[in-house]
Amino acid sequence: MTVDITLKQTLDKSYTITIDTLPELHFDTKVAIVTNPTISKLHLDYLLERLSAKEVHIITIPDGEQYKNWETIEQILGEMFEHRFNRKSMLIAFGGGVIGDMTGFTASIYQRGIDFIQIPTTLLSQVDASVGGKTGINNAYGKNLIGAFHQPQAVYADPYFLTTLPEREFAAGVAEIIKMAVIFDADFFHFLEDADLEDAAQLKEVIAKSVKTKAWVVAQDEKERGIRAALNYGHTFGHVIENETRYKTYLHGEAVAIGMVMANNTAAALGLMSDAECLRIKNLLERFGLPTHYDIADVEIFYETFYLDKKSSDQSITFILPKHIGDVEMTDTVDAALVKSVLMRYSGA
Ligand SMILES: NC(=O)c1ccc[n+]([C@@H]2O[C@H](COP(=O)([O-])OP(=O)(O)OC[C@H]3O[C@@H](n4cnc5c(N)ncnc54)[C@H](O)[C@@H]3O)[C@@H](O)[C@H]2O)c1
Ligand SMILES: [Zn+2]
């Protein structure tokens, strides 16, 4: 005997991303702001001045990627139960990508899923992490291996928050912006070559342009079965660098910057991209103070580490390689010997 369950839902998960001064926000429900001590000290008053709700609770979690784990999720869930949150209650992620990923994940599992809002406070989270509904945590087996797709109700990216961001963190966000330009938009790349991101109007324009690009990708491929994977340009190499340096030496965006240069070199070695375009990308990364070189201790070990990346299947490694500025191709048939010959250029040996 069989029983069929027909579940053909067409769910509208659309939402708006506002890139502007934070507006007045009002909720008829209980809300909890999830944040950390660094951000609350700098910006919580600014948020509270603009927020009203039936009840407002603050859930403060420790600052750092090392706390992006189950224990912290348990802490957030525990405080939500203590405050008797129900399925109509709402979470607000107030911080960088770490806060956003964990708040979104908690919202996806609390009583089988409640709404949440993103108020990203780092450049990286404004242009990247807060857009697209990927949420999750790390565990002993790797980064972001546990999680859910759970789209927010709204995103409010207020560039004002970035005025307190440390320079390196700012540059790490720029790396992801340059990444999007190289993958999808040559005009945007040219704009960045002349942009002054200390100018508030230009910064806002750049954030908006990046968000639009990512939103366009996510709208076509929410679950990363196709084009969304192109956003991993620079990440195949970058993840190995992060892994080898135990996440201590480079911020994620910095490792991605080096990874993009390595991907470009691979593309050039395959005859896909010109050396002149490779140089333009490297120059732009360096203009924003991003690293573009990494000493590879052992090319064989570096290559083997590609296989740990969850985006590669067991047999093949997927590379995202630019053809031109503004156009990439995804390929899992790059000859290992060719990649290793490119990697040799980074090894002192
Ligand atoms: N979900 C996605 O699609 C996606 C995409 C990219 C990255 N991520 C995740 O995002 C995380 C990285 O995010 P991140 O780069 O924002 O790092 P982060 O959240 O760790 O923030 C970086 C540091 O800046 C501090 N900070 C935040 N806002 C500040 C401000 N306005 N002024 C001063 N300091 C401030 C934070 O407390 C932290 O110490 C990673 O865990 C990564 O996996 C997720
Ligand atoms: Zn990234």
Side-chain angles (χ1 to χ4, degrees), residues 22 34-44 46-47 60-69 72 93-105 107-108 116 118-139 142-152 155 157-180 183 210-211 214-215 217-218 222-224 228-239 241-242 247 250-260 290 309-311 320:
L22 191 66
V34 181
T35 190
N36 72 33
T38 314
I39 298 146
S40 66
K41 198 168 146 208
L42 292 164
H43 298 301
L44 187 59
Y46 180 91
L47 171 57
T60 306
I61 62 175
D63 185 3
E65 180 80 34
Q66 70 271 35
Y67 300 104
K68 192 175 156 183
N69 57 25
T72 309
F94 187 47
V98 169
I99 296 269
D101 279 11
M102 278 198 287
T103 307
F105 183 52
S108 81
F116 84 113
Q118 293 266 24
I119 305 182
T121 61
T122 63
L123 182 58
L124 185 135
S125 59
Q126 294 194 349
V127 299
D128 190 357
S130 69
V131 184
K134 278 194 192 175
T135 74
I137 53 171
N138 310 325
N139 72 356
K143 280 193 64 178
N144 300 324
L145 294 179
I146 299 166
F149 284 95
H150 191 57
Q151 301 289 345
V155 182
D158 183 343
Y160 160 75
F161 294 126
L162 307 181
T163 54
T164 58
L165 199 62
E167 246 171 67
R168 270 184 76 191
E169 295 286 354
F170 188 87
V174 174
E176 300 279 6
I177 293 171
I178 295 173
K179 176 197 80 175
M180 284 190 264
I183 306 172
S210 307
V211 167
K214 182 151 185 201
V217 174
V218 170
E222 184 195 3
K223 301 276 165 77
E224 197 173 312
R228 188 166 181 175
L231 295 172
N232 293 316
Y233 163 53
H235 286 61
T236 316
F237 295 92
H239 286 154
I241 295 168
E242 288 183 290
Y247 298 93
Y250 299 105
L251 297 174
H252 171 71
E254 293 173 334
V256 169
I258 303 168
M260 285 191 269
L290 287 157
D309 196 331
K310 68 178 184 297
K311 270 132 200 165
I320 320 292

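Both counts, for ligands and for their atoms, begin at 1 and track the order of listing.
Look at K214 and E176 and you find no salt bridge, because none of the NZ, NE, NH1 or NH2 atoms lies under 4.0 Å from a carboxylate O.
For ligand 1, one of its N or O atoms has an N or O atom of K134 under 3.5 Å away. In terms of N/O distances under 3.5 Å, ligand 1 is not approached by S125. Taking distance alone, with nitrogen or oxygen atoms compared against 3.5 Å, V98 approaches ligand 1 more closely than that limit. Note: no N/O pair closer than 3.5 Å links T135 and ligand 1 by distance alone. By the 3.5 Å distance cut-off applied to N or O atoms, N144 is counted among the residues near ligand 1. Backbone and side-chain nitrogen or oxygen atoms of L124 are examined, and none is located within less than 3.5 angstrom of a nitrogen or oxygen of ligand 1. Not one N or O of G95 is nearer than 3.5 Å to an N or O of ligand 1, by distance alone.
The Zn ion (ligand 2) lies closest to atom NE2 when only the N/O/S atoms of H235 are considered. Within E176, the N, O or S atom lying nearest to the Zn ion (ligand 2) carries the name OE2. Looking at H252 and the Zn ion (ligand 2) together, the shortest N, O or S contact belongs to NE2.
When ring centroids are compared, F94 and Y46 stay outside the 6.0 Å threshold. In this structure, the ring of Y160 has its center less than 6.0 angstrom from the ring center of H43.
Residue N36 approaches ligand 1 through these ligand atoms, each under 4.0 Å from one of its heavy atoms: 37 (O).
In this structure, the side chains of V155 and V131 stay at 4.5 Å or more apart for every pair of heavy atoms.
Contact analysis puts H43 in contact with ligand 1, with a non-hydrogen atom separation below 4.0 angstrom. At a 4.0 Å cut-off, at least one heavy atom of E169 sits close enough to ligand 1 to count as contact. In this structure, K214 counts as a contact residue of ligand 1, since one of its heavy atoms falls inside 4.0 Å of the ligand.
Protein heavy atom in closest approach to atom 16 (O) of ligand 1: T122 OG1, 2.6 Å.
Of all the heavy atoms in N69 and I137, the pair that sits closest is C-CD1, 3.9 Å.
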